[in-house]
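In what follows, a structure is listed as structure tokens, so that the remarks can point back to it.
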Amino acid sequence: MKKLLGIILILTLNSCFFYKKDGIEMKIKNDSSEPITNVEFTTTEKLDVIKIERIEPNESATEFLSMRKNKSDGAYSLTFTRASGKNEISGGGYYTNGGSLDHWVDFIIENDTTIVKFDAPIY
């Protein structure tokens with residue numbers, strides 16, 4: 001009986017993990033001295049887009065990008081507008097056959113650059 005309960009618990013926890021496998025968690029931290037606006041995160045296929053109106057300095061936003069509709073290979077793209085009005089595009093990462101190779105991606109926005117970090121591939 002204890003083994004059955006343990007198996008049910010493990011399957012339940014794994015089902016939560018598998019539910020999120022069709023996408024990637026994205027976190028943006030604004031380490032710059034000014035707010036960023038018109039933030040958009042998407043894939044090359046642009047089937048789903050995360051839109052965030054504004055992120056203030058020293059604040060962050062975390063969202064999950066669903067990739068259930070994606071079917072091909074591609075990369076990720078982050079676009080945003082700095083307070084000066086300059087539009088910035090930061091790309092990177094890779095997904096294949098519509099599936100993400102990573103669990104998450106972190107973008108750290110600084111005054112003069114954007115740092116991108118991906119976790120280890122899912123195998």
Side-chain angles (χ1 to χ4, degrees):
M1 186 67 174
K2 288 183 182 181
K3 287 183 182 180
L4 181 60
L5 185 59
I7 290 171
I8 290 172
L9 179 64
I10 289 171
L11 289 175
T12 302
L13 293 175
N14 279 339
S15 67
C16 295
F17 171 74
F18 289 125
Y19 175 73
K20 287 190 127 184
K21 78 173 184 162
D22 293 335
I24 187 167
E25 185 173 298
M26 176 265 330
K27 180 180 180 183
I28 301 173
K29 182 163 184 4
N30 184 0
D31 276 350
S32 72
S33 56
E34 298 179 331
I36 59 172
T37 57
N38 303 320
V39 180
E40 291 188 0
F41 179 70
T42 188
T43 63
T44 306
E45 296 174 89
K46 297 183 181 181
L47 298 173
D48 197 7
V49 180
I50 292 174
K51 295 182 180 186
I52 302 169
E53 189 174 317
R54 183 180 183 98
I55 303 175
E56 296 293 334
N58 300 314
E59 289 188 0
S60 62
T62 303
E63 298 280 341
F64 184 78
L65 178 69
S66 174
M67 296 172 58
R68 290 183 184 270
K69 299 175 188 173
N70 293 64
K71 300 294 180 208
S72 67
D73 296 357
Y76 303 100
S77 173
L78 175 73
T79 59
F80 62 92
T81 305
R82 292 195 181 264
S84 65
K86 180 181 176 190
N87 290 327
E88 295 215 9
I89 300 172
S90 180
Y94 182 73
Y95 65 91
T96 183
N97 295 325
S100 180
L101 298 175
D102 302 286
H103 291 277
W104 53 262
V105 57
D106 286 349
F107 294 94
I108 303 168
I109 312 298
E110 297 181 345
N111 286 328
D112 60 349
T113 191
T114 301
I115 299 169
V116 183
K117 297 179 182 179
F118 287 88
D119 76 333
I122 301 170
Y123 293 114

Exercise. Do you know which two heavy atoms are closest between Ser84 and Glu34, and how far apart they sit?
Worked result: N-OE1, 4.5 Å
Exercise. Within a strict 4.5 Å, meaning less than it, do heavy atoms of the Leu101 and Thr96 side chains meet?
Worked result: yes
Exercise. Taking side chain as C-beta onward, heavy atoms only, is Tyr95 less than 4.5 Å from Met67?
Worked result: yes
Problem set entry | Euclidean distance, Ile89 CD1 relative to Glu40 CD, rounded to 0.5 Å | 10.5 Å
Exercise. With hydrophobic residues grouped by side-chain heavy-atom distances under 4.5 Å, do Leu47 and Leu78 end up in a single group?
Worked result: no
For this session: Flag the pair Phe80 / Thr114 as yes when at least one side-chain heavy-atom distance between them is below 4.5 Å, and no otherwise.
Result: yes
Exercise. Between Asn30 and Glu59, is any pair of side-chain heavy atoms under 4.5 Å apart?
Worked result: no
Seminar exercise, completed: In short, Ser32 meets Pro57 closest at the heavy-atom pair O-CB, 3.3 Å
Exercise. Does any non-hydrogen side-chain atom of Asn97 lie less than 4.5 Å from one of Asp73?
Worked result: yes
Exercise. Is any side-chain N of the basic residue among Glu53 and Lys51 closer than 4.0 Å to the acidic one's carboxylate O?
Worked result: no
Seminar exercise, completed: Here the gap from Glu25 atom CD to Ile50 atom CD1, rounded to the nearest 0.5 Å, amounts to 9.5 Å
Problem set entry | Given Thr113, Ile108, Ile115, the one that forms side-chain contact (heavy atoms from CB on, under 4.5 Å) with Asp31 | Ile108
Exercise. What about the rings of Phe107 and Phe41, do their centers lie closer together than 6.0 Å?
Worked result: yes
Problem set entry | Shortest non-hydrogen contact from Val116 toward Ser90 | CG2-OG, 3.5 Å
Seminar exercise, completed: For Ala61 and Ile55, the nearest pair of non-hydrogen atoms, with its separation, is CB-CD1, 4.0 Å
Problem set entry | Side-chain touch Leu65/Met26, heavy atoms, less than 4.5 angstrom | no
For this session: Taking all heavy atoms of Ala75 and all of Gly93, pick out the closest pair and write down the distance.
Result: CB-O, 3.5 Å
Problem set entry | Taking every non-hydrogen atom, the tightest pair across Ser33 and Asn111 | N-OD1, 2.8 Å
Exercise. At what distance, to the nearest 0.5 angstrom, does CD1 of Ile28 lie from OG1 of Thr62?
Worked result: 9.0 Å
Exercise. Atom CZ in Phe64, atom CG in Asp48: separation rounded to 0.5 Å?
Worked result: 10.0 Å
Problem set entry | Arg82 side chain near Glu88 side chain, heavy-atom distance below 4.5 Å | yes
For this session: Kindly check if the number of other-residue, nucleotide or ligand heavy atoms within 6.0 Å of NZ (Lys29) is above 12?
Result: yes
Problem set entry | Donor-acceptor pair between Ser100 and Asp102 side chains, under 3.5 angstrom | no
Seminar exercise, completed: CD1 (Ile24) and OG1 (Thr43) are apart, to the nearest 0.5 Å, by 10.5 Å
